[in-house]
Amino acid sequence: MGLTMDLQGALKKYFGFDQFKGLQENVIENVLDNRDTFVIMPTGGGKSLCYQLPALMKKGTAIVVSPLIALMKNQVDAIRGVSEEHGIAHVLNSSLTKTEVRQVKEDIVNGLTKLLYVAPESLTKEEYVDFLQQVTLSFVAVDEAHCISEWGHDFRPEYRNLRSIISRLGDAIPIIGLTATATPKVQEDIIKNLGMNDAKVFKASFNRPNLFYEVRPKTKNVDADIIRFVKQNQNKSGIVYCLSRKRVEELAQVLQVNGISAVPYHAGFDAKTRAKYQDMFLMEDVDVVVATIAFGMGIDKPDVRFVIHHDIPKSIESYYQETGRAGRDGGEGHCLAYYSYKDVEKLEKFMSGKPVAEQEIGHALLQEIVAYAETSMSRRKFILHYFGEDFDEVNGEGADMDDNTRNPKPKEEAKDSLVKLLRVVQDTMEKFKTKEIVRTLVGKTNALISSHRTEEKEIFGIGEDKDEQYWMALIRQVLVAGYLQKEIEQYGVLHVTEKGKAFLATPVSFLMTKDHEYKEEEDSSIITNGKSTGNAADEKLLKLLRDLRKREARKNDVPPFVVFQDPSLDDMALKYPITMEELLNVHGVGEGKAKKYGKPFVELISTYVEENDIVRPDDLVVKSTGANSGLKLYIIQSVDRKLPLDDIAAAKGLELPDLIKDMEQIVFSGTKLNLGYWVDEILDEDQQEEIHEYFLEAETDSITVAMEEFDGDYEEEELRIYRLKFMSEVAN
Ligand code: ADP
Ligand code: MG
């Protein structure tokens, strides 16, 4: 009781807080007792106080190891704020002058300094080690301790040396390790590497009930979708994460052009610029920061209302950390991620240059985030399961706070399937990862499967009545439900748990939902075969626009796609252009097209907007930087001069398909290209007539469909080039 009073008093005295948060008090008591302590708390949980307060109360100096210099500086400033004594906290690192180092040492020796922040690489310096051996140390705090593990989201090799250095600093100096990374594997690494097997572990729940989780498919409309989201959240603070610096700068610009106050942030800017942009965000001079993951560590802005991931993050932990910056004040926090499997493949490609072990880790982590994106179950339950927590998706706090639980998919009985699945895992001796299990179920083999002679087993192909996606979905849900377990250390090998064995003995009902399926877009972004892309568009309006297009096509005696292509309609249903000028900002609409076909469309949209009280994204001018306009001009001029396409391509260092793509952009936005001269080169008269007839009658301008129709009579490029000629003629 007495101690509790003292602690409360100290909390109030130093920090002005009336109450401890979560497990803080228990942690601090443990530290004050000189015992090793391991704290696992989500970001914003109040970990710093767990070592700051005991450091202030104990005799001697506490060493705080932390990976980021900027972060250390903030903390030191904060601690200096709680005391009259400037020397109460110091940073020791290579940026200090000799005089400054002398002052730091003097303050430590005189017992003034309670907290000494050191970067791990500085701690290895002999000079510092020698000095620290001679002074009284209260304990060592290792903040962001997950940096010790390759399985964490921020591995730093210097952290690996900490144990040996701490041992040299003195006998039995207590350690407190702190992290917001909750995966069992990382925790194990931390305990092992810091040599604190006897540490008392304090683990808080990672549930952030005020955060709303959502995943949307990433289409080419992603920028417009983000703009729309931000505009619907006007004057709220938000972070948009992108993987590359280039994308950060581009997107920030696009947001700015569209009237959103945004700044870019990435490690490529110099320190001054970074500090400026960060301050602008903190001071609310701008609403949005578009950033790489370099932004956010140590950012303590309590009212970040949304965190958007333009690209899929590398792991669930990174995602959790980054989204954790939303809603720290307990208020609304919308976490929206855009997902496309292409991004995953890109990330895998980046990894391919790395050492094999690292690649395998990276791959295993990526597969988890893929599963998160594709799953149709409670996203909160999925994340928390990843962190070793069992979340009650019906009654738990925040249970309805994600897109999947708000719009649940129908459940289906999967009892028999589950029996098959568990049998396959057992009968393949628990040697396979998800991929091999799925293949075995549907009766497909590969080298690994073969090497275990799985094809000869009775269970090979017992699940062939279902497809691979079905089995992936089932495995994901079964893992979370606890019938199977994934061995992360073995890069994802599956085991049947006790619960799974019990199920096999007496199978009961198991209900599952199918995963989301995200269709990949065709590579040529302007051509689609009639399917709608981008779920952000207004479906009702889209239908009206399609009907109108049909009528206009009939009136003009051209196929509908000559009027406007699907992506243009999609974009109209997103941007609601109500003037001819605004129409020009729509994807694939150039001046020619706007003039020729635009009027009835803007009239329809205008009426629609009025009747349905649509709040239009004001002056939505998505991207007008026109980076390629020089190239386009060159193409148009060269075609006018009737140059061979091969030469035009070669002159610009393009492959022919790329040139065709550029020409498609030109033609589909309403500019004519007189390609007759070139078509005559590659197709004879009869052929031309045949293709012409086809396009006149066709439902769609899809080349894939045309290829099928002609059944190999024409090359893809021939058809695409003819289509260009066709569109240029028919539309004019
Ligand atoms: P973490 O390191 O776990 O991400 P921090 O130590 O940065 O979290 O603390 C997050 C925020 O919580 C800080 O603004 C801090 O001042 C505040 N905080 C910590 N402990 C308390 C407490 N007992 N009462 C009120 N606020 C607290
Ligand atoms: Mg912290």
Side-chain angles (χ1 to χ4, degrees), residues 4-29 31 37-57 62 64-83 89 91 115 117-120 140-148 152-154 156 159 176-182 186-187 190 201-208 210-211 237 239 282 295-304 307 317-318 320-331 333 387:
T4 310
M5 282 301 291
D6 284 343
L7 274 185
Q8 290 260 353
L11 177 69
K12 184 85 187 150
K13 174 177 160 214
Y14 288 114
F15 294 94
F17 299 140
D18 294 321
Q19 276 181 342
F20 286 104
K21 248 169 128 171
L23 300 167
Q24 277 176 338
E25 188 169 8
N26 311 44
V27 172
I28 290 165
E29 281 169 2
V31 176
T37 313
F38 187 15
V39 180
I40 307 147
M41 266 183 206
T43 306
K47 286 184 290 297
S48 321
L49 202 128
C50 293
Y51 55 81
Q52 287 168 341
L53 189 60
L56 294 170
M57 296 172 72
V64 182
V65 181
S66 168
L68 287 177
I69 293 179
L71 213 92
M72 293 193 270
K73 260 194 56 66
N74 285 349
Q75 290 220 359
V76 166
D77 289 342
I79 289 293
R80 282 177 183 157
V82 307
S83 155
V91 179
L115 286 140
Y117 285 81
V118 195
V140 176
V142 180
D143 206 356
E144 315 288 351
H146 56 272
C147 292
I148 222 165
H153 55 91
D154 191 18
R156 289 165 192 253
Y159 262 67
I176 169 172
L178 310 100
T179 181
T181 294
V186 173
Q187 287 164 31
I190 292 172
V201 180
F202 297 88
K203 182 169 179 198
S205 169
F206 274 62
N207 188 14
R208 297 281 312 276
N210 58 316
L211 298 190
S237 283
I239 307 173
L282 293 178
F295 182 80
M297 271 262 222
I299 295 289
D300 192 10
K301 186 165 170 36
D303 56 352
V304 173
V307 172
E317 274 146 79
S318 318
Y320 182 84
Q321 296 301 331
E322 284 144 30
T323 53
R325 287 161 197 148
R328 281 201 180 194
D329 56 5
F387 291 143

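Computed from a predicted structure; not experimentally measured. One-based numbering, in listed order, for ligands and for the atoms of each.
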| request: Taking atom NZ of Lys203 as the centre, report whether more than 12 heavy atoms of other residues, nucleotides or ligands fall under 6.0 Å from it. | output: yes
| query | Relative to each other, are the rings of Tyr320 and Phe387 parallel, tilted or perpendicular (30° and 60° limits)? | reply | perpendicular
| message | Could you work out, with side chain to side chain donor-acceptor pair (under 3.5 Å) as the rule, every residue matching Thr323, not counting sequence neighbours? | response | none
Which pairs of donor and acceptor atoms, one on a side chain in residues 44-54, lie under 3.5 Å apart (sequence neighbours left out)?
{"unit_1": "Lys47", "atom_1": "NZ", "unit_2": "Met41", "atom_2": "O", "d": "3.0"}
{"unit_1": "Lys47", "atom_1": "NZ", "unit_2": "Pro42", "atom_2": "O", "d": "3.3"}
{"unit_1": "Ser48", "atom_1": "OG", "unit_2": "Gln75", "atom_2": "NE2", "d": "3.3"}
{"unit_1": "Tyr51", "atom_1": "OH", "unit_2": "Gln75", "atom_2": "OE1", "d": "3.1"}
{"unit_1": "Tyr51", "atom_1": "OH", "unit_2": "Asp143", "atom_2": "OD2", "d": "3.0"}
{"unit_1": "Gln52", "atom_1": "NE2", "unit_2": "Gln75", "atom_2": "OE1", "d": "3.2"}
{"unit_1": "Gln52", "atom_1": "NE2", "unit_2": "Tyr117", "atom_2": "OH", "d": "3.4"}

| Near ligand 1, which residues have a heavy atom under 4.0 Å away from one of its atoms? | Phe17, Gln19, Phe20, Lys21, Gln24, Pro42, Thr43, Gly44, Gly45, Gly46, Lys47, Ser48, Leu49, Asp300
| query | Under 3.5 Å, is there a donor-acceptor pair linking the side chains of Thr43 and Gln321? | reply | yes
| field | Partners passing side chain to side chain donor-acceptor pair (under 3.5 Å) against Asn210 (at least two apart in sequence or in another chain) | value | none
